[in-house]
Each structure stands twice: as C-alpha cells, then as structure tokens.
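All remarks here apply to the structure that follows.
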2 protein chains.
Amino acid sequence: MPNRIPEIVILRLPMYRRALHSLEQDNIDVVSSQELGERLQVTPAQIRKDLSYFGKFGKQGMGYNVKRLLAELTRIMGLDREWPMVLVGVGRLGTAIASYPGFVPQGFRIVAAFDSAPQLIGRKIGSLAILDISEVKRTIQDKHVDIGIVAVPGSQAQRIVDMLVASGARAILNYAPATIRVPPGIHLRDIDPVLALQSMTYYLKP
Amino acid sequence: MPNRIPEIVILRLPMYRRALHSLEQDNIDVVSSQELGERLQVTPAQIRKDLSYFGKFGKQGMGYNVKRLLAELTRIMGLDREWPMVLVGVGRLGTAIASYPGFVPQGFRIVAAFDSAPQLIGRKIGSLAILDISEVKRTIQDKHVDIGIVAVPGSQAQRIVDMLVASGARAILNYAPATIRVPPGIHLRDIDPVLALQSMTYYLKP
DNA sequence: TTCTGTGAACGGATTCACAGCA
DNA sequence: TGCTGTGAATCCGTTCACAGAA
C-alpha cells in the first residue's frame, strides 16, 4: 500500500495534522478538503491526493471526520509513541532548546544533553544533567535514541553530526548555520532563521 | 532581466551564499559548479541554471570567482544593507531570539521588542527596551522596518501577524506553532522544530 | 581541453475533471 | 446534491547535452 510516497507529501503531513488538531480544539467534527485547504492555503485536490497515498479516510458528500483523520495521521507519521532525543551543545542556543516547552506535549523528549566544555559537565539544565560528549554513543544505544539535536558552532557541526550518526542516530535536527552532509538513509532537517530571513529580503528590496 | 524567477530558486540562494562564504574563509578563489555542487549535495546543472536567471558570473573552462559571485549574490538578495526588525513576544523563546548572536553579523538587527504583559514593559533584554505592543505601528513606520519576528503563543500568532502587516511589515518570521495566513505580497517563513521532527519520524518508525 | 550557459527533453508534482458513493 | 478518490492532463522544475568561450 505505501507504494512510493514523494517526500514532499511527507513534509506536508505535519501541517495537516496541526490544522486538524486545531479543528478538534474548536469542537469541529467534520471537515471537507475545501475547508481544510482554505485554512492551510493549499488546494483541496492536493489534500485529497496526498491523503489518498495512505488510504481512504473521507466520506463522499460529507468530508473527513476530524478525530478519525487526526488519529490516522498520527499513526502514519509514527507519532503514537514517545521519541527520545539527545542534544549536543548547551551554550546559549542549546540551553534555550533544552527549555523549549513545545517538544514534550508532542511526544519529543530530550533525554540527555552533551557538551565538550569541562566547566559545563555535571551541571544541569532543569533536571537534565550535562554529560561529556564522549558518552554520547553509550547513551544513544542504551536509551534507544534515534534523534539527535545539534546546537554547536557551525565549525563543529559536521563532526558532531558524524559522531551522532556513527553512534546510531538516524535523524538529525541541525540548528548550526552550516551545510551538513549525511549518508543515505539518514534524515536531516535544518533550522536556520538567518537563511529564512535571507530568502525574504530578495523580495523586499526596492 | 529578472523574468519570472521560481521561488524555489530564491530559496536556494542563501545556501549558495553560505557555501561561498565558507570557501572564501578557506582562501579558495575559484570554484566550479561541480565542486560547489558536491559541497551542497546539489547537481552542477542546477547551480548553473539557478545562477543563469540572474546573469553570467562564470568563466568557461575556469569556474566562478568566489569573491565576485559572493558579492553578486549579496547584491541580488538585497543583503548589501542592514535590515532592521521588530520582535513581538519576549517570553522564554522571544528572549532567546533577542539574544541570538547570528543575526547581527548577517545584517539583521532587532531594533525594538514588544510584549503585552504589563510587568515586562519597560524592562530590558540586553540593551533592548521592551515596549508595549500598542507602539508597534509607530515604531515600524518611524524606523522603516520591513521584517517582523513573531514569538507569541500559537493562539495569538495570527492576530499579531495581522497587526504587524497592518503596521507596514512586509515579511514575517514566525516562531509560533500555528498556521498563519498572510495577504498576497506579504512574505512568511515558519520556524517550527516540531514540524521538522514530525516530518522525520515517518521514516524512523519500523 | 575544461567548464559555463542554455534550449530541449524529461520526469514528477499539481491540478483538472469526473465517476461514484452517501 | 455534495464531496471524495483518482486517472488524465497540465504545469513546472530538473537534468541532459552540447555549442561556445577561455
């Protein structure tokens, strides 16, 4: 059934899920692809096509049951479980990431934080102890961690990513402002507000 | 000359620029589309095609002069000037954004911060005074600000974006976990680490 | 010879349009 | 009638392949 689903479809699923969650909050039981599309600024046809890769979730003449579709997407996306993560780099940025309250309600939990600065080792961020980077492999394996968050300086980012991948991480969320390469089968997403800003100034200049 | 350049090309320019900056740091004077493509995991043909939308910057048989191409991209992207920005929301996340050291070296400067919580007004983040949200319009107009950064709770994000747009902002960097709609001609980029993580778990699940 | 710039060919994603079911 | 699911048609970005300049 999951033939060969384009990555771009997978990238849209989280948006759909967030919109459905919002509809559920508003006690809306049923939504059409038209209504969902208006909310998300996406064509109804695209929503129907995207969902059709995974099955038939709607009722003709009616639309989609919000709770049902939300549950299906949650399962499809693998979000019906908790995902432990490790964080590397607990400078200013890393500390903010460790304190970000948006992860846990969505099932993402930082279970260990690492740095290489001796003066930081043993200190805590909230209840999270800072460990030496040399322990990252053992932690990833012992705690079955798949996801690593990188918040080190750009010059060190590739080395840290390589270390995480060698330790067993299969997905990397990179906050460092650097071009990172990962082997096939390893997933990478970059969070870089400067690149986002730079892609808008082109349109702003006179 | 600027016919109709696909947005996806504009989204890649910041990557090219960052890679060129890195080459410049390493005192590399000339680079071919082949070499640049290897660094960025992009095909050489794509790089040449993308650049050809803006002009002819290379020398056949040689490649591209790094300094020259970097300067051209900087100009094309509108990065040969400083961009003042306003920040709305100075909770935990907003405070981290205000302190992020990556903006200023790239020409992005937060010139005013706003919140609606009375106990925050008048306090400072570094040297940045926190103003009442009611002053945002005057600030944007007086200081010729085009870019607004939104770091408020998701439930308030659309209202704040609307206010920024009504005040004259033409680009929004949104950190709130919410689907935001903007009028035509207004540019929006979302920074949402949770969406990024959720687009990877699909591939991680067994 | 090397490597750019670019029209042409290709391939994949989006949109169309409609059969079919509630 | 209203709206889904989906093959077909369309659109658009990527890659190819080569002429031409250094």
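Below, all heavy atoms of this structure are taken into account, side chains as well, without hydrogens, waters or symmetry copies. Residue numbering restarts at 1 for every chain, and letters A, B, ... go by the order of the sequence lines.
Taking atom CD on A:E35 and atom P on D:dC3, their separation rounds to 7 Å, with Å as the unit. Between the CZ atom of B:R4 and the C1' atom of D:dC11 there is a distance of 15 Å, rounded to whole Å. Going from atom CG of B:D50 over to atom C1' of D:dT15 covers 12 Å, rounded to whole Å. Here the C1' atom of nucleotide D:dT14 and the CD1 atom of B:I8 are 10 Å apart, to the nearest Å. To the nearest angstrom, C1' of C:dC3 lies 15 Å from CG of B:N65. Distance, A:E72 CD to D:dG5 C1': 16 Å, rounded to whole Å. Taking atom CZ of residue A:F54 and atom C1' of nucleotide D:dT4, one finds them 17 Å apart after rounding to whole Å. Separating the CG atom of A:L40 from the P atom of C:dT14 is a distance of 14 Å, rounded to the nearest angstrom.
Scanning all heavy atoms of the two residues, the minimum distance from B:L173 to A:A196 falls at CD1-CB, 3.7 Å.
In this structure, B:Y202 and A:F54 have perpendicular ring planes: the angle between them is above 60°, well past the 30° mark.
For D:dC3, the OP1/OP2 oxygens have no side-chain nitrogen or oxygen of A:S32 closer than 4.0 Å. A close approach under 4.0 Å does not occur between any side-chain nitrogen or oxygen of B:T43 and OP1 or OP2 of D:dT14. Taking only side-chain nitrogens and oxygens, A:R48 never comes nearer than 4.0 Å to OP1 or OP2 of C:dC18. The shortest distance between the side-chain N/O atoms of A:K56 and the OP1/OP2 oxygens of D:dT6 is below 4.0 Å. OP1 or OP2 of C:dT14 sits under 4.0 Å from a side-chain N or O of A:R12.
Side chains of B:S199 and A:R189: a donor-acceptor N/O pair is present below 3.5 angstrom, by distance only. Between the side chains of B:Q46 and B:D50, no donor N or O sits under 3.5 Å from an acceptor N or O. There is a side-chain donor-acceptor pair under 3.5 Å between A:R17 and A:T74.
Distance from the side chain of A:Q60 is smallest for D:dT4 among the nucleotides D:dT4, D:dG13, C:dG7. You'll find that the side chain of A:A45 is closest to C:dT15, out of C:dT15, D:dG2, C:dT6. In the set D:dT4, D:dG5, C:dG5, C:dG5 carries the atom at the smallest distance from any side-chain atom of B:Y64. In this structure, of D:dT6, D:dG13, C:dT6, it is D:dG13 that holds the atom nearest to the side chain of B:P6.
Within 4.0 Å (heavy atoms only), A:L51 reaches no atom of the nucleic acid at all.
Checking A:V42 against A:M62, the closest nucleotide of DNA chain C that is more toward the 5' end is the one next to A:V42. Across the interface with DNA chain C, nearest-nucleotide mapping of A:K59 and A:V9 shows A:V9 to be the residue nearer the 5′ end.
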